[in-house]
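For reference, the structure discussed in these notes is given below.
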Number of protein chains: 2
Amino acid sequence: MSPRRSDPNIRTGLVDAAARLLAEHGPRALSARRVATEASSSTMALYTHFGGMSGLVRAMVREGFVRLEQHLSAVGATDDPVADMALLGRAYRRNALANSHLYSVMFGGSSLAGFSLSEEDRQAGRYTLLHAVECAIRCSAAGRFSAIHPELTASQMWIAVHGLVTLELGGYLIDPLGADRCFEAQLVGLMIGAGDEPEAATRSVAASEQRLEHMR
Amino acid sequence: MSPRRSDPNIRTGLVDAAARLLAEHGPRALSARRVATEASSSTMALYTHFGGMSGLVRAMVREGFVRLEQHLSAVGATDDPVADMALLGRAYRRNALANSHLYSVMFGGSSLAGFSLSEEDRQAGRYTLLHAVECAIRCSAAGRFSAIHPELTASQMWIAVHGLVTLELGGYLIDPLGADRCFEAQLVGLMIGAGDEPEAATRSVAASEQRLEHMR
DNA sequence: CCCGTTCGCATAACGATGTCATGAATCCGG
DNA sequence: CCGGATTCATGACATCGTTATGCGAACGGG
């Protein structure tokens with residue numbers, strides 16, 4: 001009833017080849033034939049495993065969320081929750097820059113040919129917010145953030161960092177006010193906007209920068 | 001030296017048809033043949049006027065920036081510059097929601113098939129910041145914002161509102177913390193982060209909401 | 001142990017796509 | 001009124017996503 005023979009690495013080989021093509025040659029190189037050739041298989045394997053090109057893109061999006069989750073999970077909890085929150089933002093941005101094309105597909109609307117995210121995909125994206133929510137709760141418990149609605153605070157963090165990353169990837173943030181400078185200012189501004197004291201926020205953000213260097 | 005016969009409305013007819021197809025049938029319907037048919041012409045007209053599909057998309061992006069500029073220009077200067085700034089944010093978001101597909105192309109990275117923005121296009125996008133910069137200067141002059149670097153302040157506004165609009169268009173902001181609620185909270189938070197007093201910021205943001213209803 | 005069944009995937013085809021070569025039709029400067 | 005220049009319609013590529021067809025390999029019952 002279930003004779004399957006060569007499953008193990010064709011699936012991952014296809015999505016890996018697709019991710020590599022996307023990263024190295026841009027969205028234009030994402031063709032079914034080229035992906036199949038790169039993975040040493042045929043286009044039909046792509047259809048038996050993913051049901052079409054959009055299914056493969058969806059698999060890539062899920063892979064992108066897995067990588068984002070890994071980056072965020074690498075941020076531990078210390079006794080300075082505001083620094084933890086800033087580090088979450090840095091990890092988010094680092095992941096987006098390291099997987100920029102993937103990130104564009106994950107959040108870049110449905111521009112890519114004939115593909116639109118499912119509600120399940122979006123929910124996977126929203127799950128990444130849980131790290132920030134938990135951290136916001138810790139910030140409130142430590143008396144750093146105003147205690148009202150940590151989920152709203154976490155959403156503000158997400159929205160702001162996402163907006164910066166998107167404009168950065170689009171090439172809109174240039175020299176006098178480059179992405180780095182805007183990002184640092186934004187982190188401090190977010191913490192202050194969430195209720196933290198200006199000096200404490202500045203210190204915590206600076207401390208998070210130190211910790212980022214030591215990560216991974 | 002310049003024998004042109006039927007220029008007047010073929011160009012605009014093509015870009016209008018493209019914009020209509022994009023808005024009504026999604027990015028998938030943006031085919032050279034279909035645009036040409038819709039505009040009652042041939043695909044070659046598209047090449048003589050725009051040099052290819054990417055040129056037409058670029059023209060659409062410019063049209064998108066023109067519409068954004070119109071929305072922002074409709075925001076006048078009153079004696080409450082913070083309310084003006086909030087209204088700029090509202091106008092930005094209103095334009096993005098009214099021209100969502102166009103906005104996705106303008107800022108959605110290079111996802112759309114074989115198209116990437118030129119530096120000129122990006123500069124056109126950055127010009128829209130000037131409204132916010134001028135308004136930030138007025139906010140500082142009125143003693144509402146801290147006077148240091150209004151351009152950085154304006155960038156923060158842009159980044160945050162852009163991030164919210166992007167996630168909203170992507171369908172990521174849903175019910176308990178929907179886009180409307182996040183947006184209102186974000187406007188207040190931005191003004192406070194820029195140096196305004198909490199109560200004054202709340203009042204100005206609320207006043208800007210009133211003014212939006214009366215616009216256009 | 002062996003064979004029928006069942007699935008995986010390679011081949012090849014189809015419609016549609018972006019792009020360009022060709023050529024007819026048209027306008028402008030002289 | 002004419003000749004060079006320019007617009008655009010036609011048709012031909014190469015390539016795209018997708019699918020029908022068919023072969024070969026892996027399981028399960030005897």
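In what follows, chains are A, B, ... by sequence order, proteins preceding strands, each numbered from 1. Worth saying up front: this structure is predicted, and the values here are computed from it rather than measured.
- Side-chain contact, B:Arg126 with B:Gln123: a donor N or O sits under 3.5 Å from an acceptor N or O.
- Under the 3.5 Å distance criterion, with hydrogens and angles disregarded, a donor-acceptor pair is assigned to the side chains of B:Ser118 and B:Asp121.
- Contact annotation: A:Thr48 side-chain N/O to C:dC9 OP1/OP2 distance is under 4.0 Å.
- Between A:Tyr172 and B:Trp158, the ring planes are perpendicular. Angles over 60° get that label, and only those under 30° would be called parallel.
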Item to check | Reading 5' to 3' through nucleotides 10-15 of chain D, protein heavy-atom contacts under 4.0 Å coded B for base, S for sugar-phosphate only, - for none | outcome: B-B---

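- Positionally, the nearest nucleotide of DNA chain C for A:Ser41 lies more toward the 5' end than for the other of A:Ser41 and B:Leu46.
- Checking A:Glu63, A:His71, A:Gln70 one by one against A:Arg67, the side chain to side chain donor-acceptor pair (under 3.5 Å) holds for a single residue, A:Glu63.
- Atoms OH (A:Tyr47) and P (C:dT11) sit 17 Å apart, rounded to a whole Å.
- Whole-Å rounding puts the B:Arg28 CZ to D:dG17 P distance at 9 Å.
- The separation between B:Glu38 atom CD and C:dT17 atom P is 13 Å, rounded to whole Å.
- Summarising the geometry, the separation between CG on B:Leu30 and C1' on D:dC16 is reported as 17 Å, rounded to the nearest angstrom.
- Looking only at atom types and distance, the side chain of A:Arg90 has a donor-acceptor partner in the side chain of A:Ser208 under 3.5 Å away.
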